[in-house]
Amino acid sequence: LEGPLVRKHEWESTTKKASNRSWDKVYVVLRNGSLLFYKDQKNFKTQPEAYFRGENPVDLVSASAEVAADYTKKKHVFRLKISTGGEYLFQAKDDEEMNQWVRGVQEV
Ligand code: I3P
């Protein structure tokens with residue numbers, strides 16, 4: 001599973017808010033139980049080690065994803081909680097795409 005999403009990092013850990021909480025367009029790849037972030041699809045294809053802002057892949061083992069029904073500022077948003085306590089919001093282009101990502105994370 002891969003595609004463009006708009007991402008907001010909300011929590012660094014359970015107690016620490018992320019320092020940069022702005023929304024960023026990212027190209028997201030779910031592969032081998034991890035989420036990889038790229039600037040765009042071309043970067044993923046040509047430089048698969050060149051992650052968005054040099055970020056490490058996010059391990060999805062023990063992660064959960066759910067529709068972010070409480071987040072009402074944007075549509076088609078799901079929340080990802082990872083094992084470190086970190087949390088992200090992701091906005092998909094429509095509900096169908098959002099549900100594909102939620103299922104993809106749940107299947108890991
Ligand atoms: C953030 C940006 C986000 C906003 C976030 C701001 O500011 O405006 O869109 O989240 O609010 O901190 P900046 O771009 O200057 O870093 P929302 O879109 O969810 O409001 P927050 O601090 O309440 O998370």
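Counting starts at 1 for both ligands and their atoms, in listed order. We use all heavy atoms of the structure for the numbers below, so side chains are in, but hydrogens, waters and symmetry mates are not. The model shown is predicted, which means the values in this text are computed figures rather than measured ones.
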A.B. asks: So, do Phe44 and Tyr38 have ring centers that fall under 6.0 Å from each other?
C.D. replies: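 So the answer is yes for these two rings.
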A.B. asks: Is Lys17 paired with Glu87 through a side-chain N to carboxylate O contact shorter than 4.0 Å?
C.D. replies: no
A.B. asks: Short question: side chain of Gln47, backbone of Asn43 - any donor-acceptor pair under 3.5 Å?
C.D. replies: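 Side chain of Gln47 to backbone of Asn43, a donor-acceptor pair under 3.5 Å: no, none is there.
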A.B. asks: Under a 4.0 Å heavy-atom cut-off, what residues line ligand 1?
C.D. replies: Lys8, Arg21, Ser22, Trp23, Tyr71, Lys73
A.B. asks: Are the ring centres of Phe78 and Phe90 closer than 6.0 Å?
C.D. replies: yes
A.B. asks: In terms of side-chain geometry, is the basic nitrogen of Lys75 or Asp95 positioned less than 4.0 Å from the acidic oxygen of its partner?
C.D. replies: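 No, no charged N to carboxylate O under 4.0 Å.
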A.B. asks: Using ring pair (Phe, Tyr, Trp, His ring centres under 6.0 Å) as the criterion, list what pairs up with His9, not counting sequence neighbours.
C.D. replies: Tyr88
